[in-house]
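A, B, ... follow the sequence lines: proteins, then strands. Residue 1 opens every chain. In this text the structure is predicted, and so the values were computed from the model without any measurement.
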2 protein chains.
Amino acid sequence: MTVTNDDSAQYLIRTVSKRSGVKSDLVRAWERRYQAVTPTRTSGGHRVYTDQDIARLKLLNQATSNGHSISQIAQFSLDDLKHLLKSETPSTVQATNNPLPTTRDKIHLAEDYSDKCYAAVLAFDAQKLESHFENAIVELGAESFIEHLLSPLLTKIGERWKTGELRPVHEHMTSSVIRSLTYILRNNNPCPENAPRMIVSTPIGQLHELGALLAAIMAELCGWQVTYLGANLPAEEIAAAVKYTNSCALTLSISFATDDHIVAKELRRLKKLIGNHVSLIVGGRAAGHFQPVLNEVGVMNIQSYTHFKQLLNQLAAEYRALDDNNRQ
Amino acid sequence: MTVTNDDSAQYLIRTVSKRSGVKSDLVRAWERRYQAVTPTRTSGGHRVYTDQDIARLKLLNQATSNGHSISQIAQFSLDDLKHLLKSETPSTVQATNNPLPTTRDKIHLAEDYSDKCYAAVLAFDAQKLESHFENAIVELGAESFIEHLLSPLLTKIGERWKTGELRPVHEHMTSSVIRSLTYILRNNNPCPENAPRMIVSTPIGQLHELGALLAAIMAELCGWQVTYLGANLPAEEIAAAVKYTNSCALTLSISFATDDHIVAKELRRLKKLIGNHVSLIVGGRAAGHFQPVLNEVGVMNIQSYTHFKQLLNQLAAEYRALDDNNRQ
DNA sequence: CATTTTTTGTCAATGTTTTGTAAAGGTTTG
DNA sequence: CAAACCTTTACAAAACATTGACAAAAAATG
């Protein structure tokens, strides 16, 4: 049984765009130039699409971001497209050259969205927040969404939380919305079989999960196979997860400098439990407070968004090289 | 529930509007433009609708907020519309014969999936778990998925956790996967504008969120507009969320009888903070341990899956009636 | 390697369709 | 008689369509 409905389901182009992740203009362009889809029309001339069309555009979107030329694959059947995507390595996210002219516009757009999203958070309007996020993902693309919208937004929320403009519930609500969005983001970027694995969580006592959530999403986008565990877990549990999944990296977010003892103790225990072959990465607002322990334990400390991305790619490369050697 | 296909039950447009959530003007517009409904008339010319018409408008309302174009689906049959929305809302129609999968088959299938899912949990394989869930949702439909798969699975996890077969991480991982599935489930079942609102969370000290998650999903499926806050929140925060969202119900899950004092205290504080006009619902494995407090505070205690569903529908009906009165 | 050429995503301008809402003025109902 | 309905007409915002053009990226060519 396939996911798609029969032909009775009819959508207008904006819905198709939202669901497939392809901008409306581009949907039309693909139809005009390559007949990638052939929607029926209303009496007034508006395009009307089926569920199949949406599935098709979703796959085409994935395939093109994997490097395929749209002109070559536009007329493939659904099965052909699925087959194409199965036997493929994922999109490698380049961390390098960013300051392109198009990026500037995106940054502007992202700021715009960021304001709207923050307003929704402040108003405690989960529905609106989710809606803004959805639109932003389509317009910005997953990568830019994270870098220029999500990342600064979470920083802002963290700050406002300290000043008292926001309450803890605001953060919980936001986490909840973002968590359910994970599904769309992951959908755009299926990860391969042999991807390096990572656990993301928060040590015990650390209740704020926004940072961890961001890290998890970023890692997934960089081609990692991430298992996200949520916040506030004791070292033994996290270590167990690392073993179960055979992960080669563990990322923790520490955003609040509550009790130095606990965090330090947990970090030391964790390192002992997971051993040296697993990379321990720590980030978050308050990570700096624990610098001595971080150094002692041998933690990779995240400095910035870009830094984390570099780290992710670097580690993934190392892991792949290691993996190749083992196989030979 | 049951639908009286009785022709004797006839309604005027204001009633139809209230029950379906479609404004009177719009009901007329849909009739004039697309013949979405074709009510009979009184001798004087007033429109007279049947229960079927109401059901129809309800579905059309849902479908449009789901992205379907009203002009395209206005003339669909009731069955077509139901099929379009795939997951059937319990509060609406279920009376017609289900020609496709028997309930018995579904239960069997669900058990099958349940086993697979539990195996994935045990093996700590988040990807496989998510994949099973996805397939199950498609095959079973959202409702059956929750009743016959998710609900028993979570119970099982709770039990196995107590015996030590599963660790806390297993539960965290499962929560994480289910949380990201929320997106699909919600998408299948968009809630109307005037839906009653509910907050779902877990009182401070209660770290297990699976029960709360299930409650949230069920409530959404019953037509509530749910804001899910995650676990472990102090009374003030939860109460703030209730106020922000103007919720008329609050559901808490208590699955672990840690410290009687804290939970009891939190419940009392919560009741004070939210007042009497907000329904306080409590469920979960360990809810029974707090029976005295629950009685004292005036809590509705969830007894079972079915009971919760009844409660949800009943409260929603009460709220709608109240809302109607306020508007008049 | 340097130049075209092609591909591809994006945008702008301009006109149309869709769709929810509202006002005006008459009719029915209780 | 007041409240609720009815019909018609109109309106405006959002969403679409079409055409044509542009520029970056990729590919082909010299």
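- Applying the side-chain hydrogen bond (donor to acceptor under 3.5 Å, both in side chains) rule to A:Arg14 yields no partners; only residues at least two apart in sequence or on another chain are considered.
- Closest approach of A:Ala136 to A:Leu149, counting heavy atoms only: CB-CD2, 3.4 Å.
- In this entry the distance linking CD of A:Gln72 with P of D:dA27 reads 10 Å, nearest Å.
- Atom CG in B:Leu57 sits roughly 15 Å away from atom P in C:dT19 (whole-Å rounding).
- B:Ser24 comes within 4.0 angstrom of nothing in the nucleic acid, heavy atoms only.
- One interatomic measurement links the two molecules: CG of A:Asp25 to C1' of D:dA21, which rounds to 13 Å at whole-angstrom precision.
- Distance B:Leu26 CG to C:dA22 C1': 13 Å, rounded to the nearest Å.
- In this view, B:Glu130 and A:Arg186 satisfy the salt bridge (charged side-chain N to carboxylate O under 4.0 Å, His left out) rule, not counting sequence neighbours.
- Nucleic acid contact for B:Arg28: base, since at least one base atom lies under 4.0 Å from a heavy atom of the residue.
- When each of B:Gly44 and B:Ile70 is assigned the nucleotide of DNA chain C with its nearest heavy atom, B:Ile70 is the one assigned upstream, toward the 5' end.
- A cation-pi arrangement is present between A:Arg160 and A:Tyr118, with the terminal nitrogen or guanidinium carbon under 6.0 Å from the aromatic centre and inside a 45° cone about the axis.
- Two rings, from A:His170 and B:Tyr244, have their centers less than 6.0 Å apart.
- Salt bridge annotation for B:Asp53-B:Arg56: absent, with no cationic side-chain nitrogen under 4.0 angstrom from a carboxylate oxygen.
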Check: protein-nucleotides 8-15 of chain D nitrogen or oxygen pairs below 3.5 Å:
residue : atom : partner : partner atom : Å
D:dA15  : O3'  : A:Arg14 : NH1          : 3.1

